[in-house]
Structures are given as structure tokens and as C-alpha cells.
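See structure below.
A, B, ... follow the sequence lines: proteins, then strands. Residue 1 opens every chain.
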4 protein chains.
Amino acid sequence: MPTPDPARRNERSRRAILDATRALLDETGYAELTVGAIAARAGAGKQTIYRWWGGKSAVVLDALFDTVATGDVALPDTGDLRADLRLVVRATVAEFADPRLSATTRALTVETLSDETMAGEVRDRLLRPQLDAVKDRLRAGGVPADVDLDVAVELIFGPIYHRWLLRTGPLTEDYADRLVDLVMAAIGDRASG
Amino acid sequence: MPTPDPARRNERSRRAILDATRALLDETGYAELTVGAIAARAGAGKQTIYRWWGGKSAVVLDALFDTVATGDVALPDTGDLRADLRLVVRATVAEFADPRLSATTRALTVETLSDETMAGEVRDRLLRPQLDAVKDRLRAGGVPADVDLDVAVELIFGPIYHRWLLRTGPLTEDYADRLVDLVMAAIGDRASG
Amino acid sequence: MPTPDPARRNERSRRAILDATRALLDETGYAELTVGAIAARAGAGKQTIYRWWGGKSAVVLDALFDTVATGDVALPDTGDLRADLRLVVRATVAEFADPRLSATTRALTVETLSDETMAGEVRDRLLRPQLDAVKDRLRAGGVPADVDLDVAVELIFGPIYHRWLLRTGPLTEDYADRLVDLVMAAIGDRASG
Amino acid sequence: MPTPDPARRNERSRRAILDATRALLDETGYAELTVGAIAARAGAGKQTIYRWWGGKSAVVLDALFDTVATGDVALPDTGDLRADLRLVVRATVAEFADPRLSATTRALTVETLSDETMAGEVRDRLLRPQLDAVKDRLRAGGVPADVDLDVAVELIFGPIYHRWLLRTGPLTEDYADRLVDLVMAAIGDRASG
DNA sequence: AGATAATCGAGACGGTACGTCGCGTCTTTTC
DNA sequence: GAAAAGACGCGACGTACCGTCTCGATTATCT
């Protein structure tokens with residue numbers, strides 16, 4: 001029976017492993033992280049990690065979900081769409097600009113590139129909520145009906161990803177604002193809220 | 001530890017190593033690729049690889065430059081900016097959608113993510129020419145002066161990258177066209193050519 | 001940690017565990033045998049094994065006693081000591097030569113070698129009866145008083161063990177007879193019975 | 001190519017590994033010995049051990065050969081066969097009686113029991129020389145032609161092994177002498193040398 | 001007969017050693 | 001002196017068992 005029973009899972013271990021993972025990520029970074037070190041730090045056996053996760057990347061992913069999962073992702077609706085977008089775009093840009101967060105995200109993206117399942121997890125559990133939140137705000141903002149909102153949302157985040165990934169330019173607040181202006185124009189800036 | 005003398009370098013080995021690298025990349029993918037396997041396949045010694053390259057990623061990068069670094073990247077200028085953009089965006093989307101070509105891009109992106117200096121190489125030697133070509137076309141197309149062309153170019157390629165990376169939606173011709181429409185609106189579609 | 005109550009012991013489990021042990025010994029050999037496998041095969045929990053036995057070796061020992069501990073070991077006394085010895089030595093040699101029976105002996109010997117207290121059990125409960133039977137026959141056979149019978153008995157079985165253990169020669173009927181002849185000479189073959 | 005080239009073997013590593021093995025055997029005993037510990041102590045990689053030996057038992061065996069291999073095994077020939085045998089039998093008995101040596105020999109015998117190849121090595125490289133030496137001395141001692149010398153030699157060592165293995169009695173000097181007396185009677189003690 | 005308590009099957013757990021894999025260096029021999 | 005070949009020290013990997021533990025579900029005695 002190579003399929004363990006989730007009902008009998010030890011919650012204390014699970015927590016200890018995720019906590020240890022986050023701690024080690026902060027201390028040493030993703031590349032230096034090893035499954036053995038996580039287990040040792042968590043006071044767990046390696047087998048316990050391999051029983052419930054696929055390996056290092058899966059644990060890290062879970063640890064990050066765990067961190068992020070708290071918190072409301074809904075965007076504010078002040079009535080001023082441009083201002084609201086500026087807020088979220090500036091925040092996103094800042095997050096990508098932070099080298100600490102960036103390192104782990106980068107590593108996870110590598111996994112994403114080579115593991116289809118992983119890509120799905122990242123997309124659905126980490127990204128989708130945020131994308132949907134922006135999508136909702138756009139809809140509420142009176143964007144013309146002929147604009148494909150899915151494409152529109154990616155028009156916002158795509159360039160940031162691209163710039164971060166390929167380091168084609170600085171990730172500054174000024175950049176964020178310019179981007180918002182272009183996006184507003186794209187979706188018809190007569191929209192007001 | 002004396003720095004090796006490039007003049008005495010064996011061209012035959014160099015070629016064999018790069019060819020082997022590409023072949024193995026196709027067959028097994030980047031993650032499974034090992035320096036030992038490249039050496040064995042190339043009929044080379046591992047030391048020869050470490051003498052002339054920094055390691056796996058440097059060889060891969062070189063092998064990919066070697067493949068790609070041909071061809072003219074200038075965009076056509078038919079006078080119809082929207083039509084010209086459609087051409088290039090459709091082509092790009094198709095390239096990302098093709099699993100075969102996608103594999104190479106994937107490998108490159110992995111490199112980019114893992115190594116700062118590699119990122120620079122990829123950006124400057126591979127990406128920049130294409131981005132600049134589009135930028136030139138935009139400038140020639142009469143885009144208003146207040147539009148930051150660097151941001152504009154990324155407004156085109158960012159979403160494609162994003163969608164490809166995170167599989168948030170299909171990479172179809174229809175998608176390409178919608179994207180172009182949004183971008184045209186963003187940069188002020190009164191522009192004509 | 002309360003000492004378990006033997007009165008409440010489940011006989012069905014005990015049997016199933018011993019049976020499973022013997023079956024697995026036959027199928028895979030002692031070295032490959034694991035407590036987990038015994039438990040699984042017996043439909044028992046591992047704890048049940050550790051509750052009643054000290055571990056793998058204790059279970060194996062018990063399982064083997066269980067198999068062997070039947071039958072009369074007394075030697076015949078036809079009046080012809082040489083003939084009687086031939087009988088028992090030929091039988092012993094045949095037993096060691098038989099790969100099937102040999103497997104069990106092998107397992108037992110492994111136990112004996114690994115654990116002091118096990119060695120005592122094997123010696124006293126399994127071996128001693130047979131050695132004593134031969135010793136009795138020798139005494140009745142009129143062996144001179146100055147011959148140490150314990151040493152004499154081992155003069156018979158020692159060489160067989162040695163040859164079996166180290167494969168220094170064939171275990172044939174002819175060998176058995178030669179051995180008996182030497183032993184008879186050693187203990188003074190004027191003895192008649 | 002899973003077959004390493006012995007010509008390229010590093011003698012320094014070989015020595016360090018065998019030395020470390022013997023040192024650890026002395027310090028901790030066979031059961032507590034691990035391949036990882038040997039490698040660490042020898043300043044070698046585990047792979048180097050697995051490359052040249054089959055595992056722990058093979059290394060230990062080799063380490064013991066290495067210790068024993070020095071030294072002449074020929075028996076003295078004083079003209080008095082009984083006296084000469086007493087010497088060698090007393091020495092053998094003393095060796096088996098020593099708990100330190102005994103532990104390792106015991107462990108190796110376990111391996112011998114389950115590994116045919118190993119049994120051959122032990123027999124041919126460790127035992128045979130000694131057995132042959134005794135055999136030669138017997139032949140020179142004028143043992144009657146009708147005595148099978150192979151059987152005779154095992155008549156000496158078999159009982160010792162048996163007693164050691166199964167702990168059926170003490171391994172003392174007195175025992176050694178009694179054994180020699182019986183053996184001398186068996187092979188016809190009119191023999192003089 | 002119902003309450004009480006220990007045993008039972010099952011298997012997750014912390015741990016240790018395993019044997020393998022790949023890295024980047026070092027050594028030997030050949031060209 | 002570069003190159004082919006591959007052994008080497010190292011260290012992480014993912015697996016196998018160990019012996020302990022926790023969890024209901026079953027007995028099996030004792031009120």
C-alpha cells in the first residue's frame with residue numbers, strides 16, 4: 001500500500017516541517033536547502049517528508065502557500081480605477097523587486113517550468129486568486145464589454161513578470177505607474193469606476 | 001591552474017560538446033542533463049568542459065546561442081502598424097505554443113532564473129535584438145511621444161510569457177489578435193504607420 | 001510499558017506469525033527477512049511481534065523450534081557400534097547436503113552466531129539431545145574410560161559442520177564412512193558394543 | 001561502463017580504507033561498523049568503497065586477509081608429530097577463545113553462511129593455507145597411507161569450530177590436548193615423525 | 001450483561017544506514 | 001600542453017527497516 005492515509009497524518013509534524021522549511025529558506029536560501037536539513041530542523045524523519053510531499057520543491061511550495069494563504073486578496077474599490085490599479089501594481093512590483101522574496105519565487109518558477117503539475121498548483125492556489133481579484137475590479141470598473149478581461153489582467157501582470165524574469169529594466173514605482181497608464185489606455189480610460 | 005590558452009583549443013571538441021548538449025537537451029530535458037553525459041556523448045573528457053566553460057549552464061547557454069544566433073530580426077514595415085504587429089505576435093505565440101521550440105526557451109529561462117550573469121547574456125544577446133526591432137517599428141509607426149517605448153514593448157511580450165509560463169490560458173492566434181488590439185489601444189491607435 | 005499478560009495472548013496471532021516466519025524464511029532467506037514482512041504476511045501488527053518476542057531473531061528461533069521440536073532422538077543399539085554410528089553420521093551428512101534442510105540449519109546457525117543467549121537456547125533445546133544420544137551410545141559401546149566422551153562426540157559432528165560451513169569438500173556417504181572409521185580408531189576400535 | 005579499471009586504482013585509498021576498517025573494528029566491533037564510517041575515517045568517498053568492494057563484509061574480509069597475509073604458516077617439524085600438533089591446536093583454540101577476534105570471525109561466518117562467493121574466499125585465502133600446512137605435516141609424519149588426509153585435517157579443526165560456534169564447551173588448553181590425543185589415536189599413533 | 005481494560009491490526013512516526021548519482025578536481029596516458 | 005578517460009572526495013538523494021507510538025476495533029475477563 002504505497003498510498004498513506006491522510007486521516008492518520010500527524011499535524012504536529014506537518015507544521016514543524018513547514019515552519020522549518022520557511023526558517024531555512026530565510027537563513028540559507030532555496031539552493032542550499034536540503035530535504036535532510038528540513039527534516040533535522042523539524043525533528044522529523046526524511047521519510048515523513050517524502051511520504052506527504054514529492055520532494056523539496058513541493059514542500060517549499062506548500063510552505064509558501066501556508067504563508068500567503070492568510071489575508072484578503074480583494075482589491076479596494078475607491079471608485080477610481082486608475083488609483084486602485086496603481087496600488088496593486090506598485091505592490092506587485094515592489095514584491096518582485098525584493099531580492100529575498102525574489103530568490104524563492106525564482107526557484108519555484110524553475111520547478112514550474114519543468115513540472116506541469118507544479119505549474120498548475122502555482123497557478124491555481126497562488127496566482128489565480130490575485131488575478132481574479134483584479135479581474136473583478138476591472139469588471140466593476142466599467143470596462144467596455146468587448147475587452148477580454150483575462151487578456152486584460154495579463155496585460156498588467158505579464159510585463160512585470162517579463163521584466164523581473166529577464167531583467168530588462170528596473171522595477172520601480174515609476175515603472176508601475178507608466179504601466180498602469182498604458183493599461184488604462186488599452187482598456188479604454190473613459191472608464192471611471 | 002594556469003589559464004588555458006585559447007589558441008590551442010581544439011575546435012573539434014568544442015563543436016562535439018555543443019552538439020552533444022543540444023542533442024541531450026532535446027532527448028532528456030535540462031534538469032536531467034549532466035556534465036558527465038555531455039562529455040560521454042561528445043567523446044570528450046569532463047575536464048575539457050570545465051576548462052572552457054563554467055559548468056552545465058554555461059555550456060547549455062552557449063549551445064543555444066549557437067543554434068539561435070542566425071537570421072534577421074528586423075520587422076516589416078507595410079505602413080500598417082496593427083498588421084505588422086499581428087504578424088510578429090502571432091509568430092511569437094505560435095513559437096511558445098510549439099512544444100518543440102518551447103523546450104529550448106524553457107531551458108534558457110531556467111538559466112536566466114538561476115544565474116544573474118546568464119540572465120544578462122540571454123537578455124543582451126538573444127532578447128534585446130528582437131525587442132529593439134519591435135521598438136523601432138513602434139517608433140516608426142508614430143506612437144505618441146509620451147509613450148515609454150520600453151514599457152510598450154514589454155506590454156506585448158510580457159503577457160505571452162506570462163501565459164506560457166503559468167499556463168493561464170491557450171496560446172492561439174485569436175489570443176494573439178486580441179492582445180494586439182489591446183496593445184494598439186494602449187499606445188493610441190490613431191497611429192497609422 | 002506494563003509487562004503484557006500472557007493469559008490474554010491471542011493464540012491465533014502467535015500461530016500466524018510463526019507460520020508466516022517459516023514461509024518467508026523458505027522463500028527469501030534469513031537476511032532478507034524483515035519484521036514488517038512477517039507482520040504483513042501474518043496479518044498481524046508489528047507491535048504484536050515486539051510485544052511477545054525480542055525481535056526478528058527471537059521469532060525465527062521460535063519458529064524453527066516449532067518445526068523441529070518433534071521426534072525421538074535415541075540411537076539404535078544393534079550391538080555393532082560402527083554400524084550404528086554409520087547410520088547416524090550418514091543421516092547427518094545427508095541432512096547437511098540437502099539444500100532444503102540446510103537452509104533451516106543455516107538460519108539457526110546465523111542466530112547462534114549473532115546472539116549469546118540464542119546460542120544457549122539452540123545448544124540446549126536442539127543440539128544437546130542429539131549429542132547426548134550419541135554420547136549415550138558411545139558409553140554403552142564400551143569406549144575406554146580415559147576417552148572424554150564430550151570431545152569424542154564433537155569429533156564426529158565437528159568435521160561435518162566444518163565441511164558444510166566452509167565447503168571444503170563433498171558431503172557424501174563415502175565421506176561419512178571414512179569419518180566413522182577415523183572416529184572408531186580414535187576411540188579405540190577394539191570397542192565392540 | 002560499470003567495470004572500473006584496476007590499473008587506475010588509487011593504492012593510497014585502498015590502504016586507508018583497509019586501515020580504517022581494522023581500526024574501527026577494534027574500536028566499535030563489526031555490528032556497529034558502517035560503510036559511511038569507514039569512508040569518513042579513511043578520508044575516502046563511500047563510492048570508492050562500493051567501486052572496489054561489494055559492501056561492508058567484503059571490506060572487512062579484505063582487511064582481515066591483509067592482516068593475516070603476512071607470516072609463515074608452515075608447521076614446525078620437530079620430529080614429534082604429537083608435540084607439533086599440540087602447538088598448532090593450542091594456538092587455534094586460543095585464537096577462537098579470544099572474544100575480540102571472535103566477534104569479527106563470527107560476523108564473517110554469518111556472511112559466509114549466506115554468500116557462496118564469500119565462503120569460497122574465506123576457504124581459499126584464509127583457511128586453506130593453514131589446512132594444507134597441517135596436511136603436509138601429517139604426510140611428513142608418516143600417517144598410514146589408507147588415512148584420507150583431508151578428512152584427518154578436518155578431524156582436528158572441525159571440533160574446534162563446532163565448540164566455538166555452538167558453545168558446547170570451554171576452549172581451553174586442556175581441551176586442545178585431549179583433542180590432539182584423540183586425533184593421534186585416529187590416525188594411528190605409531191606414527192612418529 | 002455491561003463495564004473495563006488489555007490485546008489486536010494497521011501503519012505513521014523519528015531515526016540510521018543504505019547504495020546511487022552527480023559535482024568539480026585530480027591523475028594518468030596519448031596525441 | 002591540451003585532450004580522453006575515468007577514479008576520486010564529497011554530499012544529497014530517495015529507500016528500507018528498525019523499534020516506538022497512536023488509533024479505533026475486538027476480545028476477554030471481572031464486577
Whole-Å distance between [N] [atom2] and [X] [atom1]?
X: C:R9; N: F:dT29; atom1: CZ; atom2: C1'; answer: 19 Å
X: D:R15; N: F:dC8; atom1: CZ; atom2: P; answer: 15 Å
X: C:R41; N: E:dG9; atom1: CZ; atom2: P; answer: 16 Å
X: A:R12; N: F:dC21; atom1: CZ; atom2: P; answer: 14 Å
X: C:R14; N: E:dG9; atom1: CZ; atom2: P; answer: 14 Å
X: C:I49; N: E:dT7; atom1: CD1; atom2: C1'; answer: 14 Å

Look at [X] and [N] and indicate whether a side-chain polar atom (N or O) is within less than 4.0 Å of OP1 or OP2.
X: D:W52; N: F:dA7; result: no
X: D:R51; N: F:dC8; result: yes
X: A:S13; N: E:dA12; result: no

*4.5 Å side-chain heavy-atom contact, D:D66 and D:R22*: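 In contact.
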*asked:* Any heavy-atom pair between the side chains of B:L25 and B:L64 that's under 4.5 Å?
replied: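 Yes, side chains in contact.
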Apply side-chain contact (heavy atoms from CB on, under 4.5 Å) to [X] and list each qualifying residue two or more places apart in sequence or on a separate chain.
X: C:T109; answer: C:T105, C:L113, C:Y161, C:W164, D:L113, D:L165
X: A:E11; answer: A:R14, A:R15
X: C:D124; answer: C:R128
X: B:R125; answer: B:F65, B:E121

*What residues, two or more places apart in sequence or in another chain, satisfy side-chain hydrogen bond (donor to acceptor under 3.5 Å, both in side chains) together with C:D26?*
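Only C:R100 meet the side-chain hydrogen bond (donor to acceptor under 3.5 Å, both in side chains) criterion with C:D26.
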*With sequence neighbours excluded, residues passing side-chain hydrogen bond (donor to acceptor under 3.5 Å, both in side chains) with D:T117*: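 By the side-chain hydrogen bond (donor to acceptor under 3.5 Å, both in side chains) rule, D:T117 matches D:D115.
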*Tell me, please, which residues at least two apart from A:R167 pass salt bridge (charged side-chain N to carboxylate O under 4.0 Å, His left out).*
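If we apply the salt bridge (charged side-chain N to carboxylate O under 4.0 Å, His left out) test to A:R167, skipping adjacent residues, the hits are B:E116.
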*Looking for any heavy atom pair under 4.0 Å, which part of the strands does A:W53 touch: base, sugar-phosphate only, or nothing?*
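Nothing: the residue A:W53, judged by heavy atoms under 4.0 Å, touches no strand.
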Show the atom names and distances, to 0.1 Å, of all donor-acceptor pairs under 3.5 Å that link a side chain in residues 40-54 of chain D to residues at least two apart or in another chain.
residue, atom, partner, partner atom, Å
D:R41, NH1, D:E27, OE1, 3.4
D:R41, NH2, D:E27, OE2, 2.6
D:W53, NE1, D:D62, OD2, 2.9

Got a list of protein N/O to nucleotides 24-26 of chain F N/O distances below 3.5 Å?
none

Distances for protein N or O near nucleotides 1-5 of chain E N or O, under 3.5 Å:
none

Show the nearest heavy-atom pair for residues [X] and [Y], with the distance to one decimal.
X: A:V59; Y: A:I17; answer: CG1-CG2, 3.9 Å
X: C:E32; Y: C:T28; answer: OE1-O, 2.9 Å
X: D:L61; Y: D:M118; answer: CD2-CE, 3.5 Å
X: D:L166; Y: C:R123; answer: O-NE, 3.2 Å

*Could you check A:N10 against C:P6 and say which one's nearest nucleotide on DNA chain E is further toward the 5' end?*
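Taking each residue's closest nucleotide, the earlier one in sequence belongs to C:P6.
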*Compare the minimum distances between each of E:dG9, E:dA6, E:dC8 and the side chain of C:A44, then state the nucleotide with the smallest one.*
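Looking only at side-chain atoms, C:A44 lies closest to E:dG9.
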*asked:* Pick the closest DNA chain F nucleotide for D:A40 and for B:E11 by heavy atoms, then say which residue is nearer the 5' end.
replied: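 By nearest-heavy-atom nucleotide position, the 5'-most residue is B:E11.
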_Degree of bending, the helix from E:dA1-F:dT31 to E:dC31-F:dG1 (end axes from five pairs; round to 10°)_ =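 Taking the rotation axis at each end, their angle is 10°.
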Atom pairs, protein N/O to nucleotides 16-22 of chain E N/O, distance under 3.5 Å:
residue, atom, partner, partner atom, Å
E:dC18, OP1, D:V35, N, 3.3
E:dC18, OP2, D:V35, N, 3.1
E:dC18, OP2, D:G36, N, 3.4
E:dG19, OP2, D:Y50, OH, 2.2
E:dG19, O5', D:Y50, OH, 3.4
E:dG19, N7, D:K46, NZ, 2.8
E:dG19, O6, D:K46, NZ, 2.7
E:dC21, N4, D:Q47, NE2, 2.8

